[in-house]
Amino acid sequence: MTKEVRVRFAPSPTGALHIGGLRTALYNYLFARKMGGKFLLRIEDTDQTRFVPGAEEYIQESLDWMGISPDESPWKPGSVGPYRQSERKASYMSYALDLIEKGHAYYAFDTSEELEAMRERLTAARVVQPQYNSITRTQMKNSLTLSATEVKERLASGDPYVIRAKLPLKEEVRFHDLIRGWVLVHSSTLDDKVLMKSDGMPTYHLANIVDDHLMGITHVIRGEEWLPSAPLHVLLYRFFGWEDTMPQFAHLPLLLKPDGNGKLSKRDGDKLGFPVFPLNWTDPFSGEKSSGFRENGYLPDALLNFLAFLGWNPGDEREIFSVEELVEAFSIERIGKSGTKFDIAKAKWFNEHYLRSGAQEDLIAYLQQDAQAAGTTLSQEKAGAIVSLLRDRVTFPGDFWRDSQFISHAPTQFDTEVAAKKWNADAATLLQAYANALESGVAAPFDGTAAKALLESTAEATSIKLGKVMQAVRLAVTGLGAGPDLMEVFAILGPQEVAKRIRFALDTLAIVD
RNA sequence: GGUCCGUUCGUCUAGGGGUUAGGACGUAUCCCUUUCACGGAUAAAACACGGGUUCGAUUCCCGUACGGACUACCA
């Protein structure tokens with residue numbers, strides 16, 4: 001019996017959760033479910049200057065909407081809380097001190113000016129990568145260079161300080177990544193990262209390792225942007241003596257912009273013609289609004305299915321997967337290595353699929369909602385008819401209302417191109433006769449078949465070829481040149497309304513020949 | 001610049017020493033259809049390049065090119 005799998009999604013509440021983060025959360029969720037383990041959410045709010053009110057709630061709502069709610073989180077704590085790093089603040093210092101005691105970390109008192117001066121000096125000396133590392137730390141103000149007394153005095157007098165990791169000068173750091181295989185980095189290229197900031201908060205690196213350890217995390221599934229700092233993290237596990245329980249790493253390929261230039265970022269929201277956030281978001285400081293997939297009409301199941309396939313596939317040719325099926329099929333081994341461009345067309349295809357295969361009453365509800373919002377009421381029967389009519393042509397829930405405008409509203413103007421081409425004497429003659437027939441009373445029920453039969457007999461009586469004037473008929477009643485089955489539209493409209501619209505068209509449109 | 005990661009149709013990808021390199025989205029054409037869609041069929045479309053290993057490389061190795069990430073007291 002192996003240890004229970006525990007994974008975490010650890011976002012920073014610095015704004016709206018973006019779609020890449022959502023995919024990371026999804027993979028964590030799928031893996032946890034697949035392995036019968038737990039999916040936790042930890043809020044990494046160690047940077048107090050970047051905290052954005054509402055961001056945490058946004059993350060929660062997004063995950064809930066997607067149906068991938070965590071098993072343990074700040075709002076549903078398990079036994080290893082708190083689940084906000086700001087609330088764990090008190091514990092980090094002792095771990096940092098432990099590292100100092102073990103000789104793997106040290107106090108550094110350099111001011112930002114001094115750090116800046118150091119970088120400038122190194123740059124001037126043509127050092128390619130100026131950094132605070134095993135070489136340069138010997139020339140800086142830290143507990144490695146200062147006397148023990150001075151360090152003690154500085155600490156006692158409240159001098160601002162940070163605690164830095166003391167990385168080995170030359171050592172091969174090697175670790176296994178579930179997606180990339182063995183990754184080898186030489187410690188000389190690493191720098192002495194700050195572990196504790198001068199405000200008493202830990203940096204990501206320290207907090208992350210300590211919390212993952214304390215929370216029993218077995219697998220760290222995160223974005224590839226973390227790959228360069230993974231060696232540091234591995235070293236920290238070693239420094240703490242936690243190597244035995246060190247989680248396995250899986251660094252996910254990044255989501256790229258559609259043009260392939262750079263990773264998809266929060267700033268791309270809407271500029272690319274599609275949302276990059278799950279839900280609408282208004283920045284509380286700038287007031288800047290970004291739109292979300294949800295408000296743009298994407299169904300959570302569709303977005304989930306789409307996201308799952310951005311960098312992963314089941315190895316066979318199936319593409320439509322429910323969450324349950326994804327859980328069943330998921331494996332980290334089948335996650336790809338290369339960056340993935342975001343293709344909104346595919347997302348739309350998934351959405352169409354899920355929308356069109358939805359339950360009739362759900363689709364009716366979409367239409368009813370929009371109609372109501374527009375101040376109109378639709379009978380259940382009429383709404384049902386419209387849904388059936390449009391079902392195979394919609395992409396988003398809002399399409400039912402949008403694409404049935406011509407049913408709710410009689411045309412006041414007509415597609416000029418079609419009018420110019422198709423509106424002729426024959427059409428007018430037929431329409432005139434058809435309107436007469438409709439008004440003189442039709443047998444109930446006036447369904448699509450009846451509407452068609454009547455139109456056909458009218459055509460016969462007037463000796464007009466129906467095929468030649470059909471588009472004009474459509475134009476007269478809907479104002480448009482194309483659309484769903486016209487006879488079904490007539491049935492929904494009813495004979496009186498159809499006749500009325502024909503009369504209006506007859507009065508309005510000029511005949512061309 | 002440095003370190004690390006990557007590279008199969010336009011996009012998401014399958015595959016893997018010998019294949020007609022498969023699927024999906026998108027695109028195009030045809031069929032269906034009294035329009036547009038749906039549905040069906042078909043088509044165009046890819047192994048970045050150069051070496052090496054090998055009887056044989058898209059597949060393995062090495063380079064190059066290109067792309068990406070990182071390079072903060074941000075995560």
Side-chain angles (χ1 to χ4, degrees), chain A residues 10-14 44-47 49-50 85 108 110-112 115 119 123 126-132 160-164 177 179-181 183-186 188-191 193-205 207-208 222-231 251 253-254 256 258 260-263 306 309-320 334 336-350 352 356 390-394 403 418 422 452 455-456 459 465-475 478 480-487:
Chain A
S12 269
T14 53
E44 309 228 327
D45 54 351
T46 52
D47 186 354
T49 64
R50 295 212 307 161
Q85 290 186 326
D110 316 276
T111 63
S112 50
L115 290 172
R119 288 189 192 106
T123 306
R126 295 181 173 263
V127 172
V128 284
Q129 202 174 3
Q131 56 184 16
Y132 207 118
Y161 66 91
V162 299
I163 296 177
R164 285 180 181 272
D177 184 277
I179 294 173
R180 278 147 227 288
V183 178
L184 185 66
V185 181
H186 198 91
S188 62
T189 64
L190 270 20
D191 62 342
K193 279 271 182 298
V194 169
L195 263 21
M196 288 296 292
K197 300 183 266 190
S198 54
D199 65 359
M201 283 296 247
T203 59
Y204 171 87
H205 305 292
N208 192 262
R222 72 220 312 187
E224 194 187 354
E225 68 266 30
W226 294 108
L227 197 52
S229 54
H251 289 94
L254 262 16
L256 273 16
N261 290 315
K263 72 169 173 174
F306 168 67
F309 272 73
L310 250 29
W312 173 88
N313 76 84
D316 55 37
E317 285 171 356
R318 293 174 298 157
E319 295 214 80
I320 300 297
R334 293 207 63 85
K337 293 178 172 57
S338 44
T340 298
K341 296 189 186 86
F342 196 87
D343 180 21
I344 197 66
K346 190 96 183 206
K348 282 186 182 163
W349 176 75
F350 274 111
E352 280 170 7
R356 293 175 191 179
L390 298 178
R391 187 175 198 114
D392 286 334
R393 28 204 326 133
V394 291
D403 294 345
V418 178
K422 301 286 184 180
K452 187 175 181 181
L455 187 62
E456 276 168 348
K465 280 257 199 283
L466 207 44
K468 302 224 176 209
V469 296
M470 260 329 265
Q471 216 176 354
V473 175
R474 174 183 296 280
L475 182 75
T478 68
L480 308 170
D485 190 291
L486 229 209
M487 294 307 111

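Model, not experiment: these values are computed from the prediction. In what follows, chains carry the letters A, B, and so on, assigned in the order in which the sequence lines appear, proteins first and then strands, with residues in each chain numbered from 1.
Counting non-hydrogen atoms under 4.0 angstrom, V162(A) reaches a base of the nucleic acid. Residue E456(A) is in base contact, counting any heavy-atom pair closer than 4.0 Å across all strands shown. At the heavy-atom level, Y204(A) lies under 4.0 Å from base atoms of the strands shown. Within the nucleic acid shown, P231(A) has no heavy atom closer than 4.0 Å to any nucleic acid atom. Nucleic acid contact class of R318(A) (heavy atoms, under 4.0 Å, all strands): none. Residue-level contact check: K452(A) touches the bases, meaning some heavy atom is under 4.0 Å from a base atom. R391(A) comes within 4.0 angstrom of nothing in the nucleic acid, heavy atoms only. Counting non-hydrogen atoms under 4.0 angstrom, T46(A) reaches the backbone sugars and phosphates but no base. Among the heavy atoms of the strands lying under 4.0 Å from G311(A) are primed sugar atoms or P, OP1, OP2 only; no base atom is included. Backbone-only engagement by R180(A) is indicated by non-hydrogen atom pairs under 4.0 Å involving sugar-phosphate atoms exclusively. Using a 4.0 Å heavy-atom cutoff across all strands shown, D110(A) reaches at least one base atom of the nucleic acid.
Counted within 6.0 Å of NZ on K348(A), heavy atoms from surrounding residues, nucleotides or ligands total 12 or fewer; the atom is thus considered open.
Spacing between G15(B) and U7(B) at atom P, rounded to whole Å, works out to 13 Å. C60(B) sits 11 Å from G18(B) when the P atoms are compared, rounded to a whole Å. Nucleotides G40(B) and C61(B) are separated by 48 Å at their C1' atoms, to the nearest Å. Between A24(B) and U8(B), the distance separating the two C1' atoms is 15 Å to the nearest Å. A distance of about 16 Å separates the C1' atoms of A48(B) and G10(B), rounded to the whole Å. When the C1' atom is compared between C49(B) and A65(B), the two are found 7 Å apart, to the nearest whole Å. When the P atom is used for both C32(B) and A37(B), the distance is 15 Å, rounded to whole Å. Only the P atoms considered, G26(B) is 8 Å distant from C38(B), to the nearest whole Å.
Comparing A75(B), C12(B), G68(B) by their closest approach to the side chain of L310(A) singles out C12(B). Comparing C74(B), G22(B), G68(B) by their nearest atom to the side chain of L254(A) picks out G68(B). For D343(A), the side-chain atoms get nearest to G10(B) when compared with the rest of G6(B), A75(B), G10(B). Checking C25(B), C70(B), A75(B) against the side-chain heavy atoms of A345(A) singles out C25(B) as nearest. The nucleotide whose nearest atom lies closest to any side-chain atom of R474(A) is, among G22(B), C74(B), U35(B), U35(B). Closest approach to the L115(A) side chain among C73(B), U13(B), A24(B) is made by C73(B) (side chain taken as heavy atoms from C-beta onward).
For the OP1/OP2 pair of G6(B) and a distance below 4.0 Å, the side-chain nitrogens and oxygens of K337(A) include no atom meeting the criterion. Under 4.0 angstrom from either OP1 or OP2 of A72(B) there lies no side-chain N or O belonging to K197(A). Note on N313(A): every side-chain N or O is 4.0 Å or more away from OP1 and OP2 of U13(B). Within the structure, every side-chain polar atom (N or O) of S338(A) is placed at least 4.0 Å from both OP1 and OP2 of G68(B). Phosphate proximity of C12(B) to R334(A): absent, as no side-chain N or O sits under 4.0 Å from OP1 or OP2.
Base pairing annotation: U53(B) forms no Watson-Crick or G-U wobble pair, as no partner gives both donor-acceptor distances under 3.5 Å. Summarising the base pairing, C30(B) is matched to G40(B) through a Watson-Crick or G-U wobble pair whose two defining distances lie under 3.5 Å. With a cut-off of 3.5 Å on both pairing distances, the Watson-Crick or G-U wobble partner of C70(B) is G2(B). The partner of G10(B), taking Watson-Crick or G-U wobble pairs whose two distances both stay under 3.5 Å, is C25(B).
Looking at heavy atoms from C-beta onward, P484(A) lies in side-chain contact with L390(A) at the 4.5 angstrom threshold. With a 4.5 Å cut-off on side-chain heavy atoms, S12(A) and E44(A) count as touching. Contact of the L475(A) side chain with the Q471(A) side chain is not registered, since no non-hydrogen atoms from C-beta on lie closer than 4.5 Å. Side-chain contact between R356(A) and V394(A): present, with at least one pair of heavy atoms (C-beta onward) separated by less than 4.5 Å. Using a 4.5 Å heavy-atom cutoff, the side chains of D47(A) and T14(A) are not in contact. A heavy-atom distance below 4.5 Å is not found between the side chains of V418(A) and R474(A). Side-chain contact between M201(A) and Q85(A) is absent, with no heavy atoms from C-beta onward closer than 4.5 Å.
Between the side chain of S198(A) and the base of C73(B), at least one donor-acceptor pair of N or O atoms lies under 3.5 Å.
If you take CE on M196(A) and OG1 on T46(A), they are separated by 10.0 Å, rounding to the nearest 0.5 Å. To the nearest 0.5 Å, atom NE2 of residue H205(A) and atom CH2 of residue W226(A) are 6.5 Å apart.
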Is there any protein nitrogen or oxygen under 3.5 Å from a nitrogen or oxygen in nucleotides 1-4 of chain B, and what are the pairs?
unit_1, atom_1, unit_2, atom_2, d
G2(B), O2', Q129(A), OE1, 3.3

**Request:** Let me see the working for K193(A) and D191(A) under salt bridge (Lys or Arg N to Asp or Glu O under 4.0 Å), right down to the final yes or no.
**Result:** CA-CA 6 Å; K193(A) 279 271 182 298; D191(A) 62 342; 2.7 Å; yes

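At whole-Å resolution of the value, CZ in R164(A) and C1' in A72(B) are 10 Å apart. Residue F350(A) contributes atom CZ, which lies 11 Å from atom C1' of U13(B) at whole-angstrom precision.
Nucleotides of RNA chain B nearest to D485(A) and M196(A) differ in position, and the one nearer the 5' end is that of D485(A). For the pair R119(A) and W349(A), both in contact range of RNA chain B, the more 5′-proximal nearest nucleotide belongs to W349(A).
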